[in-house]
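Fair warning: this is a prediction, and the values are worked out from it, not measured in the lab. Below, chains carry the letters A, B, ... as their sequence lines are ordered, and counting in each starts from 1.
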Number of protein chains: 2
Amino acid sequence: MPTIHDVARLAEVSIKTVSNVLNDYPHVRPATRQRVQAAIDALDYQPNLSARGLRSGRTGLVSLIVPDLTNAYFAELADVVMRAAEAQGLSVIIAQSGADRERELSLIRGPRMQMVDGILFSALALSEDDNDLLAAIKKPMVLLGERILHGPKDHVTMRNVEGSQAATAHLLERGRRRIVALGGDSAQGVGSAALRLEGYRRAHAAAGVEVDEDLVVEVVGWFRSTGAAAMREFLARGIPFDGLVAFNDLIALGAMRVLQEAGLQIPRDVAVIGFDDIDETRYSLPTLSTIDPGRSEIAEVALRFLADQFDHPDAARAPRDHLTAFRVVERESSASAR
Amino acid sequence: MPTIHDVARLAEVSIKTVSNVLNDYPHVRPATRQRVQAAIDALDYQPNLSARGLRSGRTGLVSLIVPDLTNAYFAELADVVMRAAEAQGLSVIIAQSGADRERELSLIRGPRMQMVDGILFSALALSEDDNDLLAAIKKPMVLLGERILHGPKDHVTMRNVEGSQAATAHLLERGRRRIVALGGDSAQGVGSAALRLEGYRRAHAAAGVEVDEDLVVEVVGWFRSTGAAAMREFLARGIPFDGLVAFNDLIALGAMRVLQEAGLQIPRDVAVIGFDDIDETRYSLPTLSTIDPGRSEIAEVALRFLADQFDHPDAARAPRDHLTAFRVVERESSASAR
DNA sequence: CCCGCCCTCTACAACGTTGTAACCTCACTC
DNA sequence: GAGTGAGGTTACAACGTTGTAGAGGGCGGG
């Protein structure tokens, strides 16, 4: 591997001049610049990023901590995060927490975080009770998602309450009156579950429809499997219903599967809407109406926040909050006709 | 941030002794070790990984280059790769190539590769014509997938021909005689398409069934959307068929959607089997039979190969090949009853 | 009793880069 | 024509770590 010294020798300049060329320092004579560039090309030189990182304190790496890449929402989030990062010349180290509290902690405090410039953290186990622990992290950090709304770090997420309200209203407008909230968790006061349930309630209130608490169904772990299981259980209880708001698309897809097994037709018997707008919703049978959370906006803003923190390392301003715009995506599962 | 010097000062030893403790050098008196450890804990010291990387030449980072994380196959691959990497104390930088030739090239040669210890490369655009370019990469590298079978680097993939043969045989055994091969590409001589088509032919030959070339349908880009489009087109041609081997699960899911729109029942009218065993196949309607490619074996072997290359940097042995075992997963879409 | 060896620890250099300070050379000003 | 200032370049130190070489002390064997 050639070093900056080899380039300097070949170009007959000092190593600092090579460094200046590499870093686009303006005061380099064009002729010199050219000579250095020629030497770089000739040797196929690439700067040693460990050395650069050591000297400059910046590695150009960002860590993205998500519960689970297998979940399409987070895979698609990782996708847009990587695009946004690349636009800023950053690379992304992805780590999976498995939504486990100990793992989340050991990831954000672990030795690997030493080598990244900043952290995008989609918490699922830590909560606002752990704000002290989060505040102790000195690296630039942006929180994603609804688990920690008022933490000590910048925060980006979608308008959950409004999104859920719109989703629910979407079904109410289509004449549905007994709408199951799948994923709601009346016990838990924090996180997407609580926020989306709040939106569900507001939509009912706005429409003057009373909420039957029997229709609020908890789902632990928002996967296809748990959505399916929860729906199976709910069906067994024999409670009548004609609509379903699932608090993410995976739950919706799992539940749709069970509904159809049970001989119910979607949307005729049950109109369904999900949350997240993952790609799969465009190809399921029926296609799934959902809420597009503005993922790329989330990624772009999160990276902008991180970059701001890079540039103003000790700015002691209050953590910022950004709520992205959402969009109701109407597909077959909630088509109007009854 | 405390450095090794701060720890040394506090523990009243030399920095080298601290380094020795950190690196589990055996000849350190227990009492000294304890004192150093106490200082490390007291200062909450974490080694600077850039400095370590500079000095040792190892960063503990591995790059995983895949076409697209949005594709569940690659998201699930990334999942198992990250698990296997973590077991070896490595972190993973993921990069998306978009299956674009120029991007694949610039990724494997780009400056970011300078900072990783090794590369796991799932090529989709480069081919064996580019073996020279690949051979020029000096970093440890393992190729994944079927695009480059006889390259200059170690290689891990599933038994494609046999897998596809088994999938096709699975349908033939269930009495299907006109089986569409969705994703086959009679023009292309390389890659999964060619191999899986070969397996399809072998299964027919073994069963003494002639292949109708009209049933071999090309799909450009293996997504839900392209699978759906290809099936829509195929249906328009009015060619009778009773089985479908899709060369990956996304194609299968897109096609199933179209088949059902067209009023065909699965598996009654058309038995379907896919490839990859992504999670979604367990919850689609109907659930999708598929080939489990042994993803975690792929990840584990690939990382073992990389580790071998770390340990024997200039071993000029021939590149190794590992073919993982596959498994036919029977689900509803190919259930026997007609 | 002394030599040599092993255990334990240390000082110093080196990895490849960028920041600092300073130098030299011009061109321009007065 | 000397002084000034900016452009262009350089030498050197520093970032935080690990490898090398070796020092000092204790112990066993001859």
Side-chain angles (χ1 to χ4, degrees), chain A residues 1-37 39-40 43-61 89 111-117 138-139 310 313, chain B residues 1-40 43-61 89 111-117 138 310 313:
Chain A
M1 280 266 121
T3 75
I4 205 173
H5 288 92
D6 301 317
V7 176
R9 203 171 311 123
L10 184 59
E12 300 184 297
V13 296
S14 75
I15 55 167
K16 189 62 224 268
T17 298
V18 177
S19 172
N20 285 340
V21 170
L22 290 171
N23 294 285
D24 284 324
Y25 178 73
H27 301 306
V28 178
R29 218 184 316 159
T32 313
R33 185 181 298 278
Q34 218 163 16
R35 202 146 37 90
V36 170
Q37 192 56 54
I40 289 175
L43 295 175
D44 200 15
Y45 165 78
Q46 294 195 330
N48 180 315
L49 298 181
S50 291
R52 179 175 283 180
L54 169 59
R55 182 62 240 233
S56 70
R58 291 274 302 264
T59 58
L61 295 176
R112 267 283 129 59
M113 290 307 120
Q114 198 286 315
M115 89 176 331
V116 300
D117 292 340
K138 281 154 206 152
K139 289 259 173 232
F310 296 162
Chain B
M1 280 266 118
T3 74
I4 205 172
H5 289 92
D6 302 317
V7 176
R9 202 172 310 123
L10 184 60
E12 300 184 297
V13 295
S14 75
I15 55 167
K16 189 62 225 267
T17 298
V18 178
S19 172
N20 286 340
V21 170
L22 291 171
N23 295 285
D24 283 323
Y25 179 74
H27 300 306
V28 178
R29 220 184 315 161
T32 314
R33 186 181 298 277
Q34 217 162 18
R35 200 146 38 89
V36 171
Q37 192 56 54
I40 289 175
L43 296 175
D44 200 16
Y45 164 79
Q46 293 195 330
N48 180 314
L49 298 182
S50 290
R52 179 175 281 179
L54 170 59
R55 182 64 239 231
S56 70
R58 292 274 302 265
T59 58
L61 295 176
R112 267 283 128 61
M113 290 307 118
Q114 199 284 317
M115 90 178 328
V116 300
D117 292 340
K138 280 153 207 153
F310 295 163

Enter the distance from B:T3:OG1 to B:I15:CD1 here, rounded to the nearest 0.5 Å. 8.5 Å

Length of the [atom1]-[atom2] vector between [X] and [N], whole Å:
| X | N | atom1 | atom2 | result |
| --- | --- | --- | --- | --- |
| B:E12 | C:dC9 | CD | P | 13 Å |
| B:I15 | C:dT10 | CD1 | P | 10 Å |
| A:R29 | C:dC24 | CZ | P | 16 Å |
| B:N20 | C:dC7 | CG | P | 14 Å |
| B:Y25 | C:dT8 | OH | P | 9 Å |
| B:I4 | C:dT10 | CD1 | P | 12 Å |

Taking any atom closer than 4.0 angstrom to a non-hydrogen atom of chain B, what span of DNA chain D does the protein reach, first nucleotide to last?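 Using the under 4.0 Å cut-off, the span is D:dG16 to D:dT20.
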
[X] side chain near [Y] side chain, heavy-atom distance below 4.5 Å:
| X | Y | result |
| --- | --- | --- |
| A:M113 | B:Q46 | no |
| B:N20 | B:H27 | no |
| B:L54 | A:R55 | no |
| B:M1 | B:N48 | no |
| A:V28 | A:V36 | no |

Specify the residue among A:K16 and B:V28 whose closest nucleotide of DNA chain C lies further upstream toward the 5′ end. B:V28

Rounded (10°) bend between the five-pair end axes of the helix from C:dC1-D:dG30 to C:dC30-D:dG1: 50°

Does a side-chain N or O from B:S14 land closer than 4.0 Å to OP1 or OP2 of C:dA11, or not?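 So the side-chain polar atoms of B:S14 never come under 4.0 Å of the phosphate oxygens OP1 or OP2 of C:dA11.
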
For the side chain to side chain contact (heavy atoms under 4.5 Å, CB included) test, which of B:T32, B:V13, B:L10, B:D6 pairs with B:V18?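 Looking at B:T32, B:V13, B:L10, B:D6, the match for B:V18 under the side chain to side chain contact (heavy atoms under 4.5 Å, CB included) is B:V13.
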
Non-hydrogen atoms of [X] and [Y] that approach each other most closely:
| X | Y | answer |
| --- | --- | --- |
| A:M115 | A:T59 | O-OG1, 2.7 Å |
| A:G60 | A:D117 | N-OD2, 2.8 Å |
| A:P2 | A:L43 | CG-O, 3.5 Å |

Do the side chain of B:R33 and the main chain of B:D24 share a donor and acceptor less than 3.5 angstrom apart?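 Side chain of B:R33 to backbone of B:D24, a donor-acceptor pair under 3.5 Å: no, none is there.
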
What parts of residues 46-58 of chain B reach DNA chain C, counting only heavy atoms under 4.0 Å away? B:L54, B:R55

